[in-house]
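As C-alpha cells, the structure follows; a few thoughts come after it.
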Protein chains: 2
Amino acid sequence: MGTLAAKPLVRTVSAQLTERVRARIVSGAYAPGAALPQDVLAAEFGVSKIPVREALLQLRAEGLVEIFAHRGFQVRAVSEAEAHEIFRLRLALEPQAIARGAQLAGQLERHSAEAAARELHEALEHGRLEEAGDLNGAFHLALVVPARQKLTAEVVQRLLTLAQRYVRLHLQPSGRISRARREHEALLAAWMAGDAAQAGELARVHVQATYEDLLRVFGTDAEA
Amino acid sequence: MGTLAAKPLVRTVSAQLTERVRARIVSGAYAPGAALPQDVLAAEFGVSKIPVREALLQLRAEGLVEIFAHRGFQVRAVSEAEAHEIFRLRLALEPQAIARGAQLAGQLERHSAEAAARELHEALEHGRLEEAGDLNGAFHLALVVPARQKLTAEVVQRLLTLAQRYVRLHLQPSGRISRARREHEALLAAWMAGDAAQAGELARVHVQATYEDLLRVFGTDAEA
DNA sequence: CAGGGTTATATCGTATACGATATAAAGACC
DNA sequence: GGTCTTTATATCGTATACGATATAACCCTG
C-alpha cells in the first residue's frame, strides 16, 4: 500500500522561516521574552502571516517559543531552572544514545561524523564562532546516527538547540574551545573504534563539563 | 515591558483539532501509514484547511505524523525499531524525572497525583479501556510534577503518547491491568513518601515491565 | 510496442480578506 | 474621585481564493 517513499526537495517557505527565526532566537537577535508579532515578522521576511505562524508553531514545539492564545507569540524566557533541566536531560540521553550510535554506525556514518568534527574545528580555528553552535550540535548528532535512531535523534537535537542559547548567553569561549576540541577528539576516537562504553562515558564527561561551566556562572554547586 | 502574564482560556480550533486527530491516531482510527489529506480532514471536521495544517504540524512535532513536502501528511508508521527507541528513552528519563518529582512535589501536586491514580483505576475497573491510555499517561506525568519540570514533562509526555500506540496495537490487557495497578500503588506510595530513590526504581521496574511485554510480542510476531 | 517527454489534474502551500478575542481607552455610576 | 461598565482598536485566528508542485495520464517518437 502506498507508503510514500521519500525525497522532500523543495524548501518550503515555512521551513526556511523556521530555520531563520530559530537562528535569530538562538543567537539572541530575538531576545528571551521578546514579542513576536506575526505581522511584523511577515513584513520583515516579506511573506504573509501563514508561513510565519507555521514556523512559530514549529519553534514552539521545539521549546524556543511560547504562545498565548489570542495574545501572540514570544521568545521563550531563559531560566536557570530550564538550564538544569536541559542538561539533566542531555546527561540522561546523550551518553546512551552515542554509545548505541557507536555500535550502529556504518562506514557512511563514520565518515559523516569525522566530517562534522572537521568542519566544527575548522570553524573554531578560523574564529567563526557564529557557526560553532550549530556545527557542534551537528557533530553530537552525527554520533547518535540519526538514520538508525530517528526518534532519539529528534529528541537530542531539540535539546542541543535549547542548550545553545544558554551557552551563548552565559559562557565565554575562554579556554572552552581547546578543551572541547580535546574532548571531541577523544570521544570521536572511541566512537570510531566502536567502543560503545568508552564513547558513552566520554560523552557524559563532555556534556558534564559544559554543564559545570554553566553551574559556575549560576553560582550553584553541582549535584547528582 | 509587557511580559504577558498567563491564562490561555479559549480553546482555539487548531488546538481542538490537534487533540481530536491525536486521539484518532493513537486509537488506531487513523491507521499507521494512512494518508491525511487536508481537504478531507477539513470537511470531516467542518473547518478550513488552515487549522488542519496547524494541527498536523503540531502532531508531526510530536512524532505521530510525517510530512512530505507537496505530497501531504500521513500517519507515522509503526516499527519495532521505534518501539525500542521509545522505551529506551522512557527508561532513561522517567525514573530520574519521577524521582526528582518526588522531591519537588508539594501538597497540591500530591493531591493531583493521587487523583490521577484514582481516576485511572476507576476507569479500569469500569472497563473503560478507551480512556485508560490517556489516564495512565496523566498519572505518569503527574509524578513528574510538570509545573516544576516543564521541559522534562513535555518530553516525557511526548514519549508517553508515542508509547500508547504500541501498547494498544500489540498488547492485550490480560493480566496487565491488575499488575499495573499493583505497580502503580507501590510507586505512588514511595513517591508520596518523598522517597526519591525508591520511586525512581519502581518507575523503572514499571516501565520495564511494559517494555518486556512488548518484547515478548515482537519475539513471537514477525514484524518489520 | 517501449521509452522519454509533455500536458493535465489533484493536492499542497501561501496570499489575501475577514471575523473574533483581548487589551486599552473612554465614559457612567456610585 | 474611584471602580465598574462600555466602547474602540490592534492583533490574532480562520475562511476563502489562488498559485505552485508533484504525480499521473497522454502523446509523440524511435
Side-chain angles (χ1 to χ4, degrees), chain A residues 1-22 24-25 30-31 33-62 64-77, chain B residues 1-22 24-25 30-31 33-62 64-77:
Chain A
M1 11 283 215
T3 295
L4 306 184
K7 67 183 152 171
L9 289 181
V10 163
R11 307 304 306 146
T12 182
V13 174
S14 303
Q16 298 178 57
L17 276 183
T18 302
E19 287 181 14
R20 297 178 68 182
V21 175
R22 186 195 295 119
R24 296 198 184 187
I25 292 175
Y30 293 156
L36 299 168
Q38 301 170 20
D39 304 354
V40 174
L41 292 192
E44 201 167 327
F45 291 103
V47 298
S48 81
K49 294 184 340 185
I50 303 282
V52 170
R53 279 183 63 83
E54 292 191 355
L56 291 176
L57 289 169
Q58 167 68 27
L59 294 172
R60 180 185 68 126
E62 293 181 17
L64 288 170
V65 160
E66 211 154 3
I67 181 176
F68 300 90
H70 293 282
R71 302 206 289 166
F73 296 82
Q74 56 181 57
V75 179
R76 188 154 173 174
Chain B
M1 356 219 263
T3 295
L4 308 183
K7 68 187 158 179
L9 290 181
V10 164
R11 306 306 303 147
T12 182
V13 175
S14 302
Q16 297 177 58
L17 276 183
T18 303
E19 287 182 15
R20 296 178 69 181
V21 175
R22 186 195 294 119
R24 295 196 184 189
I25 292 175
Y30 293 155
L36 299 168
Q38 300 170 20
D39 305 355
V40 175
L41 292 193
E44 202 167 327
F45 291 103
V47 299
S48 81
K49 295 185 338 187
I50 303 283
V52 170
R53 281 183 61 84
E54 293 191 355
L56 291 175
L57 289 169
Q58 167 67 26
L59 293 173
R60 179 185 68 126
E62 293 181 18
L64 288 171
V65 161
E66 212 154 3
I67 181 175
F68 301 90
H70 293 281
R71 301 204 294 167
F73 296 82
Q74 57 182 55
V75 180
R76 188 151 171 177

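Side chains are part of it too, since the values below use all heavy atoms of this structure and drop only hydrogens, waters and symmetry mates. Quick note on labels: first sequence line is chain A, next is B, and so on, each numbered from 1.
Between the CG atom of A:Leu57 and the C1' atom of D:dT14 there is a distance of 13 Å, given to the nearest Å. Here D:dG19 presents its P atom at 16 Å from NE2 of B:His70, a figure rounded to the nearest Å. With rounding to whole Å, B:Glu54 atom CD is found 14 Å from C:dG13 atom P. Between the CG atom of B:Asp39 and the C1' atom of C:dC12 there is a distance of 8 Å, rounded to whole Å. Distance CZ (A:Phe68) to C1' (C:dA20): 20 Å, rounded to an integer number of Å.
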Evaluate salt bridge (Lys or Arg N to Asp or Glu O under 4.0 Å) for B:Glu44 paired with B:Arg20, printing each intermediate quantity in order.
-> CA-CA 12 Å; B:Glu44 202 167 327; B:Arg20 296 178 69 181; over 6 Å; no

B:Arg76/B:Glu62 under salt bridge (Lys or Arg N to Asp or Glu O under 4.0 Å): CA gap, chis, key distance, verdict = CA-CA 10 Å; B:Arg76 188 151 171 177; B:Glu62 293 181 18; over 6 Å; no

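Between B:Gln58 and A:Ala61, the shortest heavy-atom contact is OE1-CB, 4.4 Å. Scanning both residues, B:Pro51 and B:Val13, for their nearest heavy atoms gives CB-CG1, 3.9 Å. Contact detail for A:Glu54 and A:Ser14: the closest heavy-atom pair is OE1-OG, 2.9 Å. Contact detail for A:Arg22 and A:Leu59: the closest heavy-atom pair is CB-CD2, 3.6 Å. B:Val21 and B:Leu56 make their closest contact through CG1-CD2, 4.3 Å (heavy atoms, listed as atom of the first residue, atom of the second, distance). B:Ile67 approaches B:Leu57 most closely through the heavy-atom pair CD1-CD2, 4.3 Å.
For C:dT14, the OP1/OP2 oxygens have a side-chain nitrogen or oxygen of A:Thr12 closer than 4.0 Å. Proximity of A:Ser14 to the phosphate of C:dT14: a side-chain N or O atom is located under 4.0 Å from OP1 or OP2. For B:Gln38 and C:dG13, the shortest distance from a side-chain N or O to OP1 or OP2 is below 4.0 Å. For D:dG13, one of the phosphate oxygens OP1 or OP2 lies less than 4.0 angstrom from a side-chain nitrogen or oxygen of A:Arg53. Regarding contacts with the backbone of C:dT11, every side-chain N or O of B:Arg71 stays at 4.0 angstrom or more from both OP1 and OP2.
Listed in residue order, the members of residues 43-52 of chain A having a heavy atom less than 4.0 Å from DNA chain C are A:Val47, A:Ser48, A:Ile50, A:Pro51.
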Can you check nucleotides 6-10 of chain D for protein contacts, nitrogen or oxygen pairs under 3.5 Å, and list what you find?
none

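Between B:Leu41 and B:Tyr30, the closest side-chain pair of non-hydrogen atoms falls below 4.5 Å.
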